[in-house]
Amino acid sequence: MKNLNDVFNSVDEAINNVRKNPGFEDMLNKTKQYAKKSAEAIEISRKKIELLDAKTKLSKAYEKFGKQQFAIYDGEEANEQELEATANEIIILKGQVEYLDQEIAAFKEELASQFETKMGKKDEDVVVGDDNIEVVEVDGE
């Protein structure tokens, strides 16, 4: 069995060898980019869920307001404070829905501009030179 120091030294040596490899840095950078894209996708999904929640609440507030108005039309006595509170709730929720719609649209535009910027750049992931090509003759069958 190896000495514990020998194990640590071999692990350190392996890590240093990987760090010396320029492909490792590229892989690390690409991993960071994909993590950022995933975080952006999660953020936009969260905003969409928040928007759906606000729209649901707005729909319920409209329904409640409609019931209160119909009660007045039907001759029932209505609570003016409750009617006003429902109207204020609708105004607030409409503002929230508009804000979230604009925020999602701006986020999508930002992502689209980043994509267009990246697509405008020359992608240098794969480079093949003539010196890497080897011609090998194969015996026919």
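Here CD of Glu84 is found 10.0 Å from CZ of Phe65. Values are rounded to the nearest 0.5 Å. One distance of note links CD1 of Ile104 with CD of Glu50; it measures 8.5 Å at 0.5 Å rounding. With rounding to the nearest 0.5 Å, the separation of CG in Leu52 from CG in Leu100 is 10.0 Å. Ile44 CD1 to Leu51 CG: the interatomic distance, rounded to the nearest 0.5 Å, is 11.0 Å. The distance from atom CD of Glu89 to atom NZ of Lys64, rounded to the nearest 0.5 Å, is 6.0 Å. Here the straight-line distance linking atom OH of Tyr99 with atom CD of Gln96 works out to 10.0 Å at 0.5 Å rounding.
With Asn79 contributing its side chain and Gln81 its backbone, the two residues share a donor-acceptor pair below 3.5 Å. Proximity of a side-chain donor or acceptor of Ser59 to a complementary backbone N or O of Lys55 within less than 3.5 Å is not detected.
For Ala61 against Leu93, the heavy-atom pair with the smallest separation is CB-CD1, 4.2 Å.
One finds no salt bridge joining Lys60 and Glu63 here, because no Lys/Arg side-chain nitrogen approaches an Asp/Glu carboxylate oxygen to under 4.0 Å.
Counting heavy atoms from C-beta on, the side chains of Tyr73 and Gln68 never come closer than 4.5 Å. Looking only at side-chain heavy atoms (C-beta outward), Asp53 and Ile49 stay at 4.5 Å or farther from each other.
By the rule that hydrophobic residues join a cluster once side-chain heavy atoms approach within less than 4.5 Å of another member, Ile72 and Tyr62 end up as members of one cluster.
More than 12 heavy atoms of other residues, nucleotides or ligands sit less than 6.0 Å from atom NZ of Lys47.
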